[in-house]
Every structure is written in structure tokens, then in C-alpha cells.
*Asks:* 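The structure that follows is given in the form of C-alpha cells.
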Amino acid sequence: MSAAEPSVLSNELTEALDESLGELAAGADPRQAVITAYERMQAVLTTVGLAPQAFETPLEYLERALGRLETSRRALVRLTDLFETARFSVQPVDVGMRQEAETALSGLRAELAG
């Protein structure tokens, strides 16, 4: 499957972000909410031809995907950082981190819609 055009990718990501924002706002467990937000973004990227490679770290995958997205780095880098903490560390993930993930997703959503 070839990668989708940027406008198609933006539309699909926008829809996925809307769903993720709803889940974050619903008060899910902060750690799981951050992980779910990242996984949803990754699933959408996969459906448009940007699947992660088995050897890629989340940040390596992000770098490759950013080459196709019409967005700034800031929101995606923050979401990826939060995901790595939530998924791979024992550090507590609190409501503040969930709110940061929501802010990152909201910023990305606004860029894609803009």
C-alpha cells in the first residue's frame, strides 16, 4: 500500500484525534489514556501506509512519519515523549500528564484542521 496524500492523511488523523480527545476528556486512567492516544495516532498512520518498522523506537518512527505530516514537530514530539514514559517506565503518570497529552492532541488537531 502506498502512502496517502497529505490531505487524506490529515483528514484521517483529524478524525482519530477527535476520538482520542474524547477519550482523554472522559477521565480514563491517565497512563492508559496517554498510551491509547499514541496508539490511535499510530494506527491511523499505519492505515495510510506509515506503519512502524519492528526495529524503530517511537522517536525514530516519529521522525519518519513527520516527513509526511503537514504539522509542526512540537505536539507529536511531546505526545511521543509522554507515550514513552507511560509505556516504558515505572514513573507515575498523573492527571497533569494526561492533560499534556490532551493539549498536544488539541494542538495537532488545530494544525491539521487549519
Side-chain angles (χ1 to χ4, degrees):
M1 174 182 219
S2 64
E5 293 298 318
S7 61
V8 173
L9 182 58
S10 293
N11 290 339
E12 292 191 31
L13 268 175
T14 298
E15 290 174 15
L17 291 171
D18 286 342
E19 290 178 25
S20 292
L21 284 166
E23 289 175 7
L24 284 169
D29 169 62
R31 181 177 303 275
Q32 190 56 51
V34 169
I35 291 169
T36 298
Y38 178 87
E39 288 174 345
R40 185 161 304 216
M41 178 190 69
Q42 186 179 63
V44 170
L45 292 174
T46 296
T47 66
V48 296
L50 289 169
Q53 302 298 311
F55 58 84
E56 288 179 309
T57 67
L59 284 176
E60 290 170 333
Y61 174 60
L62 171 69
E63 288 297 324
R64 186 168 54 87
L66 277 170
R68 293 294 318 263
L69 300 175
E70 298 174 350
T71 64
S72 66
R73 299 177 48 84
R74 187 182 196 169
L76 290 177
V77 168
R78 184 60 188 142
L79 181 58
T80 300
D81 287 344
L82 289 166
F83 167 74
E84 286 185 318
T85 299
R87 175 69 176 85
F88 300 111
S89 86
V90 294
Q91 175 182 336
V93 177
D94 59 18
V95 173
M97 293 173 82
R98 184 185 75 210
Q99 289 170 339
E100 286 185 64
E102 186 174 356
T103 299
L105 287 176
S106 293
L108 180 58
R109 169 70 174 84
E111 286 184 36
L112 291 171

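Keep in mind it's a predicted model, so treat the numbers as computed, not measured.
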*Asks:* So which atom in F83 and which in V34 form the shortest heavy-atom distance, rounded to 0.1 Å?
*Replies:* N-CG1, 3.6 Å
*Asks:* Minimum heavy-atom separation for P52 to Q42, with atom names?
*Replies:* CG-NE2, 3.4 Å
*Asks:* According to the ring-ring contact (aromatic ring centres under 6.0 Å, His included) rule, which pairs have a member within residues 49-77, sequence neighbours left out?
*Replies:* none
*Asks:* Can you sort out the partners of E39 under side-chain hydrogen bond (donor to acceptor under 3.5 Å, both in side chains), two or more places apart, ordered by chain and number?
*Replies:* none
*Asks:* Under the salt bridge (charged side-chain N to carboxylate O under 4.0 Å, His left out) rule, collect the residues that match up with R74, sequence neighbours excluded.
*Replies:* none
*Asks:* Looking at every heavy atom in both A75 and A104, which two are closest together, and how far apart are they?
*Replies:* CB-O, 3.3 Å
*Asks:* Tell me the salt bridge (charged side-chain N to carboxylate O under 4.0 Å, His left out) pairs involving residues 50-60, sequence neighbours left out?
*Replies:* E56-R64
*Asks:* Quick one: do R68 and L50 satisfy side-chain contact (heavy atoms from CB on, under 4.5 Å)? Show the steps, please.
*Replies:* CA-CA 9 Å; R68 293 294 318 263; L50 289 169; 3.8 Å; yes
*Asks:* What's the spacing between R40 CZ and L79 CG if we round to 0.5 Å?
*Replies:* 12.5 Å
*Asks:* Show me the pairs that pass salt bridge (charged side-chain N to carboxylate O under 4.0 Å, His left out) and involve residues 43-54, at least two apart or across chains.
*Replies:* none
*Asks:* With rounding to the nearest 0.5 Å, note down the distance linking OG1 in T36 to CZ in R31.
*Replies:* 12.5 Å
*Asks:* CG of L105 to OH of Y38: how many Å apart, nearest 0.5 Å?
*Replies:* 12.5 Å
*Asks:* Please table the atom pairs, donor to acceptor, closer than 3.5 Å between any side-chain atom in residues 84-91 and protein atoms at least two apart or in another chain.
*Replies:*
from	atom 1	to	atom 2	distance (Å)
T85	OG1	D81	O	3.2
S89	OG	T85	O	2.8
S89	OG	Q91	N	3.1

*Asks:* Please enumerate all residues that pass side-chain hydrogen bond (donor to acceptor under 3.5 Å, both in side chains) together with E100, with sequence neighbours excluded.
*Replies:* R78
*Asks:* Among all residues two or more places apart in sequence or in another chain, which pass the side chain to side chain contact (heavy atoms under 4.5 Å, CB included) test with S106?
*Replies:* L21, E102
*Asks:* Can you tell if the side chain of V95 reaches within under 4.5 Å of the side chain of P30, non-hydrogen atoms only?
*Replies:* yes
*Asks:* Does anything in residues 42-55 pair up under salt bridge (charged side-chain N to carboxylate O under 4.0 Å, His left out), and if so which pairs, sequence neighbours excluded?
*Replies:* none
*Asks:* Can you tell me how far CG of L62 sits from CZ of R73, rounded to the nearest 0.5 angstrom?
*Replies:* 6.5 Å
*Asks:* Working to the nearest 0.5 angstrom, can you tell me the gap between L82 CG and I35 CD1?
*Replies:* 11.0 Å
